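Keep in mind that what you see is a predicted model, and the values were worked out from it rather than measured. One-based numbering, in listed order, for ligands and for the atoms of each.
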Amino acid sequence: MKKTLFDKVWDAHVVESIPNGPDILYIDKHLIHEVTSPQAFNELEQRDIPIFRPDKIVATADHNTPTLNQHLPIKDDMSRKQIEELTANCKKNNIEFYGLGHKYNGIVHVIAPELGITQPGMTIVCGDSHTSTHGAFGTIAFGIGTSQVAQVFASQSLLLEKPMKMRINVNGTLKKGVSPKDVILYIISQLGTNSGTGYFCEYAGNVFREMSMEGRMTVCNMSIEMGARGGLIAPDETTYAYVAGREFAPKGEELTAKIAHWETLKTDEGAVFDKEYDIDANDIAPMITYGTNPGMGIKIGGTIPETIETSTDKALAYMGFEYGQSLLGTKINYIFIGSCTNSRIEDFRTVAGYINGKKKADNVTALIVPGSRQVADEMKAEGLYKIFEEAGFQVRQPGCSACLAMNDDKIPAEEYCVSTSNRNFEGRQGPGARTILASPLTAAAIAIEGKIIDFTQNLN
Ligand SMILES: CC(C)[C@H](C(=O)O)[C@@H](O)C(=O)O
Ligand code: SF4
């Protein structure tokens, strides 16, 4: 039978199939962070169940961590307790933990790929919806709830119904200034935030084949924002080159053998998907969102479309926008360049390339938050800190930061923030804050102008 990439990885991990029921799926890697692990640890302790395979778990602190003075005790009580609890739980259970100050600390979805923990053909879970990011490696990766975190702790497996399969093909040539973030924002704006519900989504076509691993991670990261359980892209030479040489990646003959296997992880010609979409790359332009879900996106120079959905009325009232309005010229006081969607070295190289020699507008507070200590170190080594600081941007320490208001980095009420993160929900960046999602390049250009502009005309 012809199989999809998803079928191949899934089938290779089925421990047992219950006739007409769910499968028991083996999990290769379990990533954890401070927000969704405490109850799962408690549950196991209460039931006196040991953690089955602690060596398959990697922990980091990212959501509640401050991005200034990380060497000092965390001031916020709640946040400090969360991190202390994770630290103690990892110690007690022999789990590898990259806490604050550790050279491998950072956002969970940034560190696992950069350390070579994420590899093609694996199953990876985390109590975090953006676990879909790891699908960029041809991995079945998805977010799980806290009770499932406990299930994986106890058994290294999960009881799951096999999801349906969809494929999105994007072929053609991307226009100048169009980033991977624009590709996924465009897809979600066209297909809607429920289009992926119940599905795992494979991204195929020359646009993804030609994309860097960083770009593929940005795309897969936002699969969850169209409702999909996860997204994935077939591994290829770009993937192998990224994985090779990383800290925990296979080496030498083991790597050669693995690559031979990874080569087989492609959807067979003629394999059938439950649904499929084709998108012309030429239709995609730099995107921004105007509403309170990631599907409410338009091309930068576009106007807010009329709709019959009453939820849009509420979204526009929250955002202070109107139907038919163009966002060009909207004054922007906050810029956030970071999050597991766009805080990798390539993102900051793009931003630095654009702002080098320029200055941010006076009204703008611009935050640059690397996704990990390693990204921060690379930025320093490449001289990017200097470029950002000279342009008046604040460079912070790694963490989820202003992506969600779980730490000190919050956007004031009613202020617009052009953000490279993945969610623009009400209050996501602080009570009353208004988030406009965009690519790092778009955010950089807006930081320089202090208002929304169509920067594509400035590109040479
Ligand atoms: C806190 C965590 C559970 C949450 C998620 O699952 O995604 C967060 O990372 C987010 O982005 O909203
Ligand atoms: S950076 Fe944002 S989206 Fe990513 S894990 Fe952290 S809070 Fe979630």
Legend entry - Subset of ligand 1 atoms that lie under 4.0 Å from at least one heavy atom of Arg428: 10 (C), 11 (O), 12 (O)
Inset, instruction - Hey, can you tell me if Tyr26 and His13 have their rings parallel, tilted or perpendicular (30° and 60° cut-offs)? - result: parallel
Inset, instruction - Decide whether an N or O pair under 3.5 Å exists between His33 and ligand 1. - result: no
Inset, instruction - Measure the distance from atom 7 (O) of ligand 1 to every protein heavy atom, then report the residue, atom name and distance (to 0.1 Å) of the closest one. - result: Ser129 OG, 2.5 Å
Inset, instruction - For this output row, return yes or no: ring centroids of Phe321 and Tyr416 closer than 6.0 angstrom. - result: yes
Legend entry - ligand 1 atoms in contact with Arg423 (distance to a heavy atom under 4.0 Å): 7 (O), 10 (C), 11 (O), 12 (O)
Inset, instruction - Answer side chain, backbone, both or neither: which part of Asp128 comes under 4.0 Å from ligand 2, heavy atoms only. - result: side chain
Inset, instruction - Cation-pi check, Lys165 to Phe273: give yes when NZ or CZ is under 6.0 Å from the six-membered ring centre and within 45° of the ring axis, no otherwise. - result: no
Inset, instruction - Give, for atom OG1 of Thr218 and atom CG of Asn422, the distance between the pair rounded to the nearest 0.5 Å. - result: 10.0 Å
Inset, instruction - Evaluate the ring planes of Tyr203 and Phe208, with Trp represented by its six-membered ring, and classify them as parallel (under 30°), tilted (30 to 60°) or perpendicular (over 60°). - result: tilted
Legend entry - Region of Asn422 engaging ligand 2 - heavy atom pairs below 4.0 Å: side chain
Legend entry - Which residue and heavy atom of the protein sit nearest atom 6 (Fe) of ligand 2, plus the separation: Cys400 SG, 2.3 Å
Inset, instruction - Below 4.0 angstrom from a heavy atom of Cys340, which ligand 2 atoms are there? Numbered from 1 as shown, please. - result: 1 (S), 3 (S), 4 (Fe), 5 (S)
Inset, instruction - I would like to know whether Gln394 and Arg396 meet side-chain hydrogen bond (donor to acceptor under 3.5 Å, both in side chains); could you show each step before the answer? - result: CA-CA 6 Å; Gln394 294 179 39; Arg396 296 292 187 86; 3.0 Å; yes
Legend entry - Interfacing atoms of ligand 1 (cut-off 4.0 Å, heavy-atom, Thr36): 3 (C)
Inset, instruction - Among all protein heavy atoms, pick out the one at the shortest distance from atom 8 (Fe) of ligand 2; state its residue, atom name and that distance to 0.1 Å. - result: His63 NE2, 3.7 Å
Legend entry - Short side-chain to backbone donor-acceptor contact, Asp7 and Thr4, under 3.5 Å: yes
Legend entry - Where ligand 2 meets His130 - atom numbers and elements under 4.0 angstrom, heavy-atom basis: 3 (S), 8 (Fe)
Inset, instruction - Identify the protein heavy atom lying closest to atom 4 (C) of ligand 1, giving its residue, its atom name and the separation to 0.1 Å. - result: Asp128 OD2, 3.9 Å
Inset, instruction - Specify the closest pair of heavy atoms between Thr193 and Pro294, including all atoms of both residues, with the distance to one decimal. - result: CG2-CD, 4.4 Å
Inset, instruction - Please confirm whether Asp62 comes under 4.0 Å of ligand 2, counting heavy atoms of the residue only. - result: no
Legend entry - Sub-6.0 Å ring centroid separation between Phe153 and His30: yes
Legend entry - Heavy atom of the protein closest to atom 8 (C) of ligand 1 (residue, atom name, distance): His63 NE2, 3.4 Å
Inset, instruction - Report the residue from Arg246, Glu247, His109 that forms a side-chain contact (heavy atoms from CB on, under 4.5 Å) with Glu114. - result: Arg246
Inset, instruction - Answer yes or no for Arg428: is there a heavy-atom contact with ligand 2 below 4.0 Å? - result: yes
Legend entry - Which segment of Arg423 sits under 4.0 Å of ligand 2 when only heavy atoms are counted: neither
Inset, instruction - Among all protein heavy atoms, pick the one closest to atom 2 (Fe) of ligand 2 and tell me residue, atom and distance. - result: Cys403 SG, 2.3 Å
Inset, instruction - Measure the distance from atom 7 (S) of ligand 2 to every protein heavy atom, then report the residue, atom name and distance (to 0.1 Å) of the closest one. - result: Leu404 CD2, 3.3 Å
Inset, instruction - Using the six-membered ring of Tyr199, assess whether NZ or CZ of Lys275 lies under 6.0 Å from its centre and within 45 degrees of the ring axis. - result: yes
